[in-house]
Chemist: 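Okay, handing you the structure first.
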Amino acid sequence: MARANEAAAEALREYADLFALEGGDPFRVRSYQRAAKAIAGHPEDLRPGHARDVPGVGSAIAAKVEEFLGRGGFRQLDELRAKVPPGVRRLMAVPSLGPKTALFLYRELGIDSVESLAQAIDGGRLRGVRGMGPKTVENLRRGIERQRQAGERVHLGVACALADQVVESLPGAERVAVAGSVRRMCETVGDIDVLVAGPAELMSVFTAQPYVAEVLASGDDKTSVRTEQGLQVDLRRVPVGSWGSALLYFTGSADHNVRLRELAVRKGWKLSEYGLSDGDRVLASRTEEEVYAALGMQWVPPPLREDRGEVEAALRHELPVLVEQADLRGDLHTHTDLTDGIASLEDMAAAAAARGLAYYAVTDHAPDLAMQRMTLEKALAQRESLARLQERYPGMRLLHGTELNIGPDGSVDWPLEVLEGFDVRVASVHSHFTQSRAEMTRRLIAACENPGVQIIGHPTTRKIGRRPMVDADWTAVFQAAARTGTVLEIDSYPDRADLPSDLVRLARHQGARFSIDSDAHAVPHLAHTRFGVGVAQRAGLTREDVVNTWPLERLLAFLKGSADGR
DNA sequence: GCCGTTTTCGGCCCGACTGTTTTCAGTCG
C-alpha cells in the first residue's frame, strides 16, 4: 500500500491542524485537509514530480509534498511546530474541543496537553473562565475519559499497517508472521507481536528500522520497541522446529491457551511455546495444525480463539466454515465524489471490477444530510451515468443505491415510490446520537420496518476512541431486523468496525443477516473489507449469514422479498 | 490554497446542535 501517501497525508493533516490553531484562514485549512484526504486515498503511490497529479493538490501544496518526499518534512511545517507545542494539537483530539478552544486554553491558561487539561479540570481552574460553563467542562472531562479508555490502543487499521511494515522490514527471516491480537483481528490492539525464525542478527536489523522510536529491551530472542506513534512492538525469535507451537502460544488469546494447556494436562502432557510434549518426547510443535490435531481438535481460526465455545466445537469437529474475504461477491455500500467520496464513479467502478467483484452498489448520501447537497435530480443523473457505464463491465453488475439518513423519528429521506427506483437502499444514523435508549430503539426499529429500507448501515455509529455506540435495546432492534428481513451492515472501516463482533453474535442469534461493506470513500478503501471480514469471523459468521457472498440473483430476490414481506 | 459549462476572481458543504450567550461562537457531520 501507498505508504509515502499516508506519511505525506499525515504531515498535511498536522499542518492543517497547526495552521488552524494559529488562526489561519479556514478555507486554507480545508484545502490542506482536502489535499491530505485526496493523497491518502490516491490509488497510486506518490512519486517525486507527480504530486500535482492528485486532484486537490495545487502548486503550493505540491511544493510542500515534494519537499516532504525528499526529506520527510517541509519548511512551513517546521516553523509551525516550533510555535505550537505538540500537546496543544493533541488537545484537539478531545471530542468537542476544536482549534479555537485549544488555542484559548493554551494562551490564557497555559494548558499545553491533555494531561494538563485534566489537571485544570480537576483543580477547578476552569471555573468562571469565559465560555467554560459547567456542561462544557463536564463534556471535556468525559471526552478525556473516553480517550483514556481507548488508552494506548489503536484500531486494527493502524495496527495492521504497522504489522505489515514490520514484516516487510525483515526480509532476512527464514519465517516471519504476525501473532497476537492483530492475527486474531481484534477491533483494537494494544501492542503488536511478531514472530521470526532466523539468525540472531534479525534483532539488530529490527531495532535499526526507521519506525522505531525507542528500544525498550533487546536480547537474542526477544526485542521490544516503541514506535513513533507510541505503539509497542514485540519481536520474538523462535526455533523453526517449534514454529507452530510458538505461533499458537503468541497468538493467544490467553484464555484460549489456558484451555488448550488444560486439555494437554488431562492427557498427562504439557503444552508450551516449545511444543506439545509427553515427558521428553515432543508430540507436536512444527505447525499449529499438528498441535491441534494431537489434542484431538480441528485447527481453530485465530479470530475464534477467545474461549467462547470454539474449543468445544473444535473437539467435536463442528467449527463453522468462516466467511473469508474471497467469498465476498459484491460491495453494497460505497460513495463517489457526487457526495463525500473523493473518487469518480468511473474510477470506483473500475477499481471494483479490478477486485473481481460480481456486483457493486454505489450508495451516495441522500438529501437529508444537508451537507452533502444531494438532490433527486443528481441521483437520477447518476443512475443514467451508471447505466451507460454498465456497458463497460459485462462481468460486473452495477447497482444504483443510496445511503439514506435515519431521522430522529426513524423516517428516511424519500417516499417509498422514490426509494423503489433504487436497487440497494442502505439507511444509517448520522445525527442525534444522544437520544435515550427508548427513542433510539424506536428509531432503529422504525427504519427496519420501513419497506423502503433494506440495510441498516453502521448500526451503532461508534467511532473507536472518539464516539461511543448509540444506546439502544439491541436485542429488540435485531429481532425487528430478523422479522423484517432487514440486513445489518458490518461497516469495514477499521475505526468503525460497526456492528462490533459481540453485537454481530447477538444479532445472528436473533436470526438476522449481514452485509460486509467497505463504505469506501476512495479507491483504496475498497480493501477495507478485510477488517469487516475479521469482525464477521470473530462472530463466527459463515457465507450463508452474509448476503453479499450470495449470487446476485439470490441477493436481489432476498432484498426484494424482504421489502414485499412487510 | 484550490479551482473553473458560475471561470482567472471570488467563491469555497451548509445546517444543526450545544452551551453559552444577550445575539453568538464553536464543533460536528
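Nothing here was measured: the structure is a model prediction, and the numbers come from that model. Side-chain atoms are counted along with the backbone in the values below, which use heavy atoms only and exclude waters and symmetry mates. The sequence lines fix the lettering, A, B, ..., with proteins before strands; numbering per chain opens at 1.
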Chemist: Taking only N and O in the side chain of R467(A), is any of them less than 4.0 Å away from OP1 or OP2 of dG29(B)?
Modeler: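 Yes, R467(A) has a side-chain N/O under 4.0 Å of OP1/OP2 on dG29(B).
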
Chemist: Charged N to carboxylate O below 4.0 Å: is that the case for D473(A) and R437(A)?
Modeler: no

Chemist: Answer yes when K463(A) and E187(A) have at least one side-chain N-carboxylate O distance shorter than 4.0 Å, and no when they do not.
Modeler: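 Salt bridge between K463(A) and E187(A), a charged N being under 4.0 Å from a carboxylate O: no.
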
Chemist: With a 3.5 Å limit on both atom pairs, tell me what dT8(B) is paired to, counting Watson-Crick and G-U wobble, or say none.
Modeler: none

Chemist: Please say which of T339(A), T402(A), D364(A) ends up in a side-chain hydrogen bond (donor to acceptor under 3.5 Å, both in side chains) with Q382(A).
Modeler: D364(A)

Chemist: Among the candidates dC13(B), dC2(B), dT20(B), find the nucleotide nearest to the side-chain atoms of R373(A).
Modeler: dC13(B)

Chemist: Between K64(A) and dG1(B), is there a side-chain N or O to OP1/OP2 distance below 4.0 Å?
Modeler: yes

Chemist: Taking the C1' atom of each, how far is dT8(B) from dG1(B), in whole Å?
Modeler: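 Rounded to whole Å, the distance is 14 Å.
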
Chemist: Decide, applying a 5.5 Å centre-distance limit and a 30° plane-angle limit (both strict), whether F27(A) stacks on dC12(B).
Modeler: yes

Chemist: Which nucleotide in the set dC17(B), dT20(B), dC13(B) lies at the smallest distance from any side-chain heavy atom of H432(A)?
Modeler: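 Of dC17(B), dT20(B), dC13(B), dC17(B) is nearest to the side chain of H432(A).
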
Chemist: Hey, what's the ring geometry for H528(A) with H525(A), parallel, tilted or perpendicular (30° and 60° as the breaks)?
Modeler: parallel

Chemist: Taking only side-chain N and O atoms of R30(A), does any of them lie within less than 4.0 angstrom of OP1 or OP2 on dC13(B)?
Modeler: yes

Chemist: If I pick the C1' atom on dC14(B) and the same atom on dT22(B), what distance separates them, to the nearest angstrom?
Modeler: 25 Å

Chemist: If you measure from the C1' atom in dT27(B) to the same atom in dC13(B), how many Å do you get, rounded?
Modeler: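 The same atom, C1', in both gives a distance of 15 Å.
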
Chemist: For L97(A), report the nucleic acid contact type (base, sugar-phosphate, nothing); a contact means any heavy atom under 4.0 Å.
Modeler: sugar-phosphate

Chemist: Both V137(A) and S96(A) contact DNA chain B. Taking the nearest nucleotide for each, which residue is further toward the 5' end?
Modeler: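 Its nucleotide being nearer the 5' end, the pick is V137(A).
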
Chemist: Do any side-chain nitrogens or oxygens of S59(A) fall under 4.0 Å of OP1 or OP2 in dG1(B)?
Modeler: no

Chemist: H458(A) vs H333(A) aromatic rings, parallel, tilted or perpendicular, using cut-offs 30° and 60°?
Modeler: tilted

Chemist: Any base atoms under 4.0 Å from R28(A), or only sugar-phosphate, or nothing? Heavy atoms, all strands.
Modeler: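 Base contact.
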
Chemist: Output the single nucleotide from dC2(B), dT20(B), dG29(B) whose closest atom is nearest the side chain of S31(A).
Modeler: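 From the listed options, dC2(B) comes nearest.
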
Chemist: Nearest heavy atom decides the nucleotide; on that basis, is D25(A) or M132(A) closer to the 5' end of DNA chain B?
Modeler: D25(A)

Chemist: Side chain of N139(A) only, please: which of dC3(B), dG29(B), dT18(B) is the nearest?
Modeler: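 Nearest nucleotide to the side chain: dT18(B).
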
Chemist: Report the nucleotide, chosen from dG1(B), dC13(B), dT27(B), that has the shortest atom-to-atom distance to any side-chain atom of I61(A).
Modeler: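 Taking heavy atoms from C-beta onward, the closest nucleotide is dG1(B).
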
Chemist: Taking atom CZ of R47(A) as the centre, does the number of heavy atoms from other residues, nucleotides or ligands within less than 6.0 Å exceed 12?
Modeler: no

Chemist: Which whole-number value in Å describes the distance from N405(A) CG to dC14(B) P?
Modeler: 17 Å

Chemist: The side chain of K135(A) is closest to which nucleotide in this list: dG26(B), dC13(B), dG19(B)?
Modeler: dG19(B)

Chemist: Nearest to the side chain of T434(A) - dT20(B), dG1(B), dT18(B)?
Modeler: dT18(B)

